[in-house]
Each structure stands twice: as C-alpha cells, then as structure tokens.
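Quick notes on the structure that follows.
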Amino acid sequence: MIKKIVFYLGNPDNAGRLRRLLYITLAIIVLADFLVPRGDHAVFFWDKIPGWGALYGFISCVLIILLSKFLGHQGGLMKKEDYYD
Amino acid sequence: MIEWFHPAIFFIFGAFLIPFLKGRVQQAYLVLMPALALIDVASMSQGTYWIFHFLGNDVIFGKVDKLSLVFAYVFTIMAFIGMVYALHLDDPGQHMAAYFYVGSSLGVVFACDYFTLFIFWEIMAFASAYLVFAKGGKGAVSAGFRYILIHITGGVLLLGGIIIHYKATGSMIFGPIEHDGSLAFYLILTGFILNAAVPPLNAWLTDAYPNATVTGAVFMSAFTTKTAVYVLVRAFPGTELLVVLGVVMALYGVVYAVMENDCRRLLAYHIVSQVGYMVAGVGMGTEMSLNGSVSHAFAHILYKGLLFMGAGAVVYMTGIRKLTKLGGLYKTMPITFVLYMVGAFAISAFPLFSGFVSKSMVVAASQHDHRAVVTLLLTLASSGTFISLGLKLPYYMFFAKDSGIRVKEPPKNMLLAMGIAAFLCIAIGVFPGQLYSLLPHPVHFEPYTAEHITGTLGILMFTLLGFILLLKRLDPEPTISVDTDWFYRMGVRAFMWFINNSAARIGAKINRAAFDVLPSSLSKISRNPLSVSLLAIVYARLKITQLYDSLREQSSNRTDGLAELKSRVKHLRMMSESVYDEDIQRRPIGIWVLLSFILIFFYALIYMIFI
C-alpha cells in the first residue's frame with residue numbers, strides 16, 4: 001500500500017495530476033484560513049489577516065532560496081570540492 | 001533497596017563488558033542496557049542523591065527534578081533506538097564509545113555540581129570523537145582532530161569559568177548563574193554555547209557529523225547539542241543575548257542547508273537551525289518558552305535521529321554522500337523514503353507530527369512575549385526547514401534524475417530503529433499531552449487550534465509551491481560551503497607556512513649563533529682568555545688614536561706611535577690565536593688572581609658586616 005503510493009509519486013506520468021491536486025489543496029488551505037474563527041489572542045496585526053500564513057510562507061521560501069544561492073555564488077561561500085585539499 | 005541508581009552506570013560500566021560478548025548475546029546486551037536505564041529513569045522519584053565529599057566540596061551525582069528527568073527519558077529512549085540501528089555492526093569499539101557517550105550525557109544531566117558536570121562533559125567530547133575517528137580515512141581523521149581540539153578549547157573555557165565562579169561565590173553547585181556580566185558568566189556561557197553549536201562556534205558540528213560513521217552520527221545528532229540545551233536551560237534562562245543568538249542560528253542553518261550538497265552535512269546544518277529555536281526559548285526565559293525549548297529538544301532528538309538514520313541508511317547502502325550523485329532511489333528504497341519523510345514532516349512541524357507541538361510552543365512563547373521580529377524570523381526559518389529537509393533532500397535523493405543506483409533496503413535492524421523513532425514522532429504529534437506532562441513547568445498551550453493548523457499548513461504548502469517554481473535554482477551543486485571552520489583550517493595553514501618559512505629562517509639563525517658562532521668564539525677566547533682584555537684595550541687605543549689623527553693635522557712623529565699600536569694589535573691577535581703559554585703570560589695571571597682575592601675579601605667583608 002505504502003509502496004504503491006511511493007511509486008505513484010515517483011512516476012513522471014502522474015506529475016500533472018499531482019500538480020492539480022496540489023493546487024486544489026492550496027486553494028482549500030487558503031479558503032479554510034478565511035473561515036476559521038480567529039481567537040482574541042492575536043498579538044500582531046498579521047495574526048488577523050486571513051491567508052497570512054500562505055503569503056508569508058511563499059515569500060519566505062523565495063527569499064531563503066534566492067538569498068542562500070546569492071550568498072553561495074556571489075558571496076563566495078560555495079567553493080569547489082577540493083578547496084581544502 | 002537502593003534509594004537511587006544512576007542510569008549512567010548501565011552505560012559507562014556496562015561498556016566494559018561489550019568486547020567480551022559475541023554475536024547474538026552481544027546484540028541482546030546492547031539493547032538491554034538502554035532498556036534497563038529507561039526503566040531506571042521511569043522509576044525515579046525527585047530528589048538529590050549520591051552526595052560524596054571530595055576535596056572539601058560536595059560532589060553530587062544525582063539531581064533529579066522534572067528538568068533532568070525529561071532529558072534522561074529522551075536520552076535513554078534515543079540510546080535504545082540508536083543501539084537497535086547499530087546492531088548489525090560488529091565493532092565493539094564503536095559500541096563502547098557510544099555507551100560512554102550516552103552515559104556521560106546522562107552524567108551531565110544529573111550533575112548537581114560543576115565538578116561532576118565538567119568531568120562528564122569532557123568524557124562526552126572524547127567518546128563522541130571516537131565515533132568520528134572510527135570511520136577511518138584521511139577526511140574523518142582530520143575532522144575528528146578538529147572536533148576534539150575545538151571541544152578541548154571549549155572545555156578549557158568552561159573550566160576557567162567554573163574556577164572563577166568558585167573563587168567568587170565559594171560554591172560549586174550548578175544552578176542558575178547570576179547575570180552579572182562577570183568573566184565567569186561569559187566563560188561558562190561560551191563553553192556551553194560552543195557545545196550548542198551557536199555560530200560562529202558551530203563549524204565543529206557541521207564538519208564532524210557528516211564525517212562520522214553511519215551509526216555514530218545518529219548518536220552524535222542527539223546528545224552533545226541537547227546536553228548543551230539542558231545546561232543552558234538550567235543555568236542561563238532569560239539571558240537576552242541567547243534570543244539573538246538563537247534566531248541567528250535558526251536562519252544560519254537554513255541558509256547553509258540550501259547551499260549544501262552533502263546529505264548528512266545538510267542535516268547537520270538543520271541541527272544548528274533547530275537548536276536555534278531552543279536557544280532562543282532559553283533566552284526568552286518565560287515558563288512557556290522554557291517548556292518550548294525542552295519539548296523541542298525532546299522531539300528534536302527523535303526526529304533528527306530518524307533523519308540521520310534515513311540519510312545514513314542511504315549512505316550505508318550506496319556509499320555516496322553527495323546529492324548530485326544520488327537520485328531515483330525510491331524505486332528500491334520506498335520504506336526508507338517513507339520513514340525518512342515522517343522525520344521530515346516532524347521537523348517541518350506538520351500537524352500530527354512532533355515538531356508541530358514543540359516548535360510552535362517556542363514561536364508562541366515569543367508571540368506572547370510580544371517579540372514581533374523574533375516571531376517572524378523563526379517562522380521564516382521553519383519554512384526553510386521544510387525546503388531543505390522536507391523537499392530538497394528527499395527530492396534529490398529519492399526522486400529527481402535517476403542516478404541508476406539500485407540498492408536494496410537497509411538491514412532490518414536499521415528499519416526497525418527508524419520505525420520506532422517514526423512511531424514516536426507521530427505519537428508525540430497526535431498525543432502531545434504525555435510529553436507536556438513531563439515538562440518542567442505547567443503547560444498552558446493548545447497546539448491544535450483551527451487557526452494554528454491552517455496558518456501552519458499555509459506556510460508549509462506555499463513553501464512547497466515556491467519550491468516547485470524555483471526548483472531549477474535549487475539543484476544541488478558539486479561544491480562545499482565555507483563556514484567558520486575556514487578561519488582555523490586556513491589559519492593553521494598560514495601558521496604552518498609561517499613556521500616553515502619565516503620562523504624557520506629565524507630559527508636557523510639562532511641555531512647557527514647558539515651552536516656555531518658562539519661556541520667557536522668561546523673556544524677561541526678560552527684558549528687564551530687574558531689576551532682578550534689586552535687586545536680590547538690596545539685595539540681601543542689604536543682606534544682612538546686613529547680618530548684623533550684624522551680629526552687633527554697628521555704629524556710625522558705620531559705616525560710611529562700609530563705604527564707601533566698597529567703592530568701590538570697584530571701581535572695580540574696572533575697571541576689570542578695561539579695556545580696559552582704560562583711562561584709568557586705569568587704576570588697577568590698573577591694580577592687576575594690577586595684581583596680575585598681582593599674581590600672575595602671585600603665580598604666576605606660586606607657579608608660579615610651586613611648579614
């Protein structure tokens with residue numbers, strides 16, 4: 001059973017279907033975030049914004065990848081494998 | 001009935017029996033000791049035990065309270081899992097090192113005074129270093145030496161701090177340290193945060209762990225940094241500096257992990273990142289944040305162990321560490337993949353997994369403390385965790401471009417150990433109450449609220465979206481990343497260059513002067529010591545006369561005098577070259593003997609009068 005799911009995930013033929021499934025899931029998550037009751041323990045202003053998590057998660061992801069690779073390439077942190085030899 | 005039995009005994013003394021056991025008996029023994037230790041920990045009641053008087057101080061081995069107990073629980077559980085994972089290994093040396101390592105960690109956790117703490121702290125460093133050396137090969141041995149040197153340095157700082165603290169307070173009891181900004185405060189703090197791998201003192205971890213043995217790295221991922229978290233919780237709660245350092249750590253690990261190509265080094269960077277949450281929690285110092293740190297340490301040991309086991313299984317089966325050379329392994333290692341993913345979901349804090357109930361407590365504590373920037377940055381880092389461990393590593397290892405490598409699943413004991421850890425990761429996530437009841441302070445935190453779930457899922461799933469969109473940029477590259485170990489690795493090279501060149505030249509000069517020029521001139525002088533003083537006098541006279549003549553008009557009658565002086569210098573030079581002859585130089589010797597006697601006489605006179 002688990003093996004079947006793993007093989008399904010790995011099969012390139014299913015990529016399109018998986019992608020559609022992802023988009024639907026993303027839509028549901030954002031929608032759900034609009035519907036959930038917001039308790040009175042919101043501390044910061046963004047705690048009250050529906051969909052904040054989605055937005056911040058996406059920004060974080062892009063920021064981290066671009067910043068890290070920038071530091072690695074332009075910042076000179078990534079070196080050839082024999083650098084210390 | 002024994003009042004209390006130190007669980008470290010099972011490991012530290014138990015280790016000596018390992019080499020005498022063979023085959024199945026040894027395997028049974030290896031898992032039996034952690035199991036007994038776990039039962040021992042579970043049956044303990046709080047209190048202070050095993051107080052000995054030593055060198056005028058109390059040495060206390062057993063401080064049992066909620067804080068030490070929760071760490072003892074997870075250490076013994078992890079020791080059990082780690083031993084199961086290492087069962088296939090027929091290497092008593094490694095098993096013994098692992099036992100000493102676990103035992104000394106437990107020793108630190110129950111230590112109530114600095115002396116006990118320090119002793120176990122050092123055993124821990126040496127035992128764990130063996131797990132790096134055991135892998136063999138140039139890379140591992142040099143990494144092991146760097147590891148042990150850094151830890152010895154940290155140990156010396158800690159010892160210095162302890163001694164100053166003892167001189168100032170007169171107490172060796174280990175407890176909260178007053179935030180007085182004294183030297184002792186900072187030395188002890190530095191010793192502790194070095195083991196917690198706080199940047200810039202983090203490079204030992206990411207250098208050594210990927211170079212350790214497959215099974216050794218599993219132990220290493222659990223104990224050193226988490227004992228450091230324990231001592232920080234005990235001694236430094238509410239140290240504001242730790243909040244800053246913790247947040248820096250959380251991001252530092254994330255950024256480096258994106259650049260990394262070595263799968264276990266990538267995992268090691270996420271130890272740095274995750275321990276950052278714990279360190280920040282300690283720094284905030286509220287009941288909730290300390291609970292968060294402790295529960296996150298508990299959860300972290302299990303899921304990070306699981307991740308190291310998963311990546312270790314791949315390294316063990318393929319012999320390859322680099323993501324650029326892996327890919328497509330899902331076809332033959334689906335179970336390893338699934339178990340790894342449980343750990344990945346746990347560290348990424350997906351709902352129903354352990355990270356969700358522990359990491360969020362630290363973030364919520366910072367929220368309650370009205371720390372906006374800290375909250376935002378820690379949340380940012382959690383997105384980064386999912387990118388590297390939940391997406392990048394499994395994608396490039398198990399899927400992506402097929403590397404054509406076809407290896408089987410790892411040995412059954414490895415899968416079993418991963419299974420136990422995966423089960424616990426989910427169990428903690430689904431039933432957090434059990435873990436919460438172990439925490440040092442009462443818990444007023446409910447992780448499963450609707451908005452927390454949708455918010456977390458939003459962050460994680462949109463991270464996934466970003467990952468898919470930027471996938472090409474994230475391809476691992478065959479590089480290594482330069483960390484703060486650059487300073488000592490290159491620093492040592494510069495130092496060696498200096499030694500081999502500049503210093504060696506100076507040394508050669510000193511050598512020549514001391515062993516060549518000086519002895520030969522001494523031997524020349526000693527051949528005829530008296531001529532030296534005469535020569536000096538006549539030579540000086542000659543020089544003065546020459547100078548005098550050059551300043552004044554040269555007169556003919558002085559030329560004879562000059563010539564005479566010149567001939568005397570020449571004569572004396574020759575005399576000093578020749579061997580001493582008592583018939584020629586009897587008079588001067590007599591004078592010197594006389595002078596010596598006069599000196600001794602006056603010395604005796606002064607001695608008699610004044611003393």
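In what follows, every heavy atom counts, from backbone to side chain, and hydrogens, waters and symmetry copies are set aside. In the text below, chain A, chain B and the rest are named by the order of the sequence lines, each starting its count at 1.
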Which one wins on heavy-atom pair count under 4.5 Å against chain B: A:I64, A:L71, A:I28, A:L35?
A:I64
Would you check, one step at a time, whether the test side chain to side chain contact (heavy atoms under 4.5 Å, CB included) holds for B:M259 with A:H73?
CA-CA 9 Å; B:M259 293 188 259; A:H73 289 292; over 6 Å; no
Considering all heavy atoms of both residues, which atom of A:C61 and which atom of B:F467 are nearest to each other, and what is their separation?
SG-N, 3.5 Å
Against chain A, label B:I453 side chain, backbone, both or neither, depending on which of its atoms sit under 4.5 Å from a heavy atom there.
neither
Which one, B:R473, B:R493, B:R489, leads in non-hydrogen pairs under 4.5 Å with chain A?
B:R489
Under 4.5 Å from any heavy atom of chain A - which part of B:D402
neither
Looking only at B:L464, B:V254, B:V255, the option with the highest number of non-hydrogen pairs under 4.5 Å against chain A is B:V255
Show your reasoning for whether side chain to side chain contact (heavy atoms under 4.5 Å, CB included) applies to B:W204 and B:R146.
CA-CA 7 Å; B:W204 61 266; B:R146 286 194 293 271; over 6 Å; no
Using non-hydrogen atoms only, which part of A:L66 is less than 4.5 Å away from chain B: side chain, backbone, both, or neither?
side chain
Given 3.5 Å as the limit, does a donor-acceptor pair link the side chain of B:R265 with the main chain of B:T206, or not?
yes
Most contact-rich option vs chain B, by heavy-atom pairs under 4.5 angstrom, among A:A54, A:G53, A:S60, A:P12, is A:A54
Check whether A:I5 gets within reach of chain B through its side chain, its backbone, both or neither, counting any heavy atom under 4.5 Å.
neither
Under 4.5 Å heavy-atom distance to chain A, tell me which part of B:L251 shows up: side chain, backbone, both or neither.
neither
List the steps, then state whether side chain to side chain contact (heavy atoms under 4.5 Å, CB included) holds for B:Q274 with B:K359.
CA-CA 9 Å; B:Q274 295 300 302; B:K359 190 193 283 185; 3.5 Å; yes
For B:Y330, which atoms come within 4.5 Å of any heavy atom of chain A: side chain, backbone, both, or neither?
both
Between B:D483 (side chain) and B:D485 (backbone), is there a donor-acceptor pair under 3.5 Å?
no
Please report whether the ring centroid of B:F345 lies less than 6.0 Å from that of B:F350.
yes
Tell me which of these, A:Y84, A:W52, A:W46, A:F7, has more heavy-atom pairs under 4.5 Å with chain B than the rest.
A:Y84
So for A:Y56, is it side chain, backbone, both, or neither that comes closer than 4.5 Å to the heavy atoms of chain B?
side chain
Please classify the contact of B:K322 with chain A as side chain, backbone, both or neither, using a heavy-atom distance under 4.5 Å.
side chain
I need the residue from B:A450, B:A381, B:S382, B:P478 with the largest number of non-hydrogen atom pairs under 4.5 Å to chain A.
B:P478
Measure from the side-chain N and O atoms of B:Y277 to the backbone N and O of B:S360, and report whether any donor-acceptor pair falls under 3.5 Å.
no
Can you tell if the side chain of B:L469 reaches within under 4.5 Å of the side chain of B:L471, non-hydrogen atoms only?
no
For B:I468, which atoms come within 4.5 Å of any heavy atom of chain A: side chain, backbone, both, or neither?
side chain
So, does B:D262 use its side chain to make a donor-acceptor pair with the main chain of B:P210 at under 3.5 Å?
no
What option among A:L9, A:I29, A:L26, A:L63 has the most heavy-atom pairs under 4.5 Å with chain B?
A:L26
Identify the two heavy atoms, one from B:S366 and one from B:T375, that lie closest to each other, and give their separation to 0.1 Å.
OG-OG1, 2.6 Å
Per-residue contact mode, B:V338 against chain A (heavy atom under 4.5 angstrom):
side chain
What residue in A:D85, A:L77, A:L55 has the most heavy-atom pairs under 4.5 Å with chain B?
A:L77
Please list, in residue-number order, every residue in residues 385-399 of chain B that has a heavy atom less than 4.5 Å from any heavy atom of chain A; write 'none' if there are none.
B:I387, B:F399
Looking only at heavy atoms, what is the nearest atom pair of A:G76 and B:V482, with distance?
O-CG2, 4.5 Å
Check: B:N211 side chain, B:D207 main-chain N or O, donor-acceptor pair, under 3.5 Å:
yes
Report which part of A:K80 has an atom under 4.5 Å of a heavy atom belonging to chain B: side chain, backbone, both, or neither.
backbone
Given 3.5 Å as the limit, does a donor-acceptor pair link the side chain of B:K325 with the main chain of B:S403, or not?
no
Considering all heavy atoms, the nearest A:K3-B:P334 contact
CG-CG, 3.7 Å
Could you tell me which portion of A:V62 (side chain, backbone, both or neither) has an atom closer than 4.5 angstrom to a non-hydrogen atom of chain B?
both
Distance-only polar pair, side chains of A:Y83 and B:W486, donor-acceptor under 3.5 Å
yes
Any donor-acceptor N/O pair, B:E477 side chain to B:T479 backbone, under 3.5 Å
no
Determine the minimum heavy-atom distance between B:T484 and B:P200, stating which atoms define it.
OG1-O, 3.0 Å
With no hydrogens and no angle check, do the side chains of B:T332 and B:E409 hold a donor and an acceptor under 3.5 Å apart?
no
Name the region of B:M490, side chain, backbone, both or neither, that has any atom closer than 4.5 Å to a heavy atom of chain A.
side chain
Atom of B:M361, atom of B:M288 and distance for their closest heavy-atom approach
SD-O, 3.8 Å
Taking only heavy atoms into account, what residues of residues 16-24 of chain A are found under 4.5 Å from chain B?
A:R19, A:L22, A:Y23
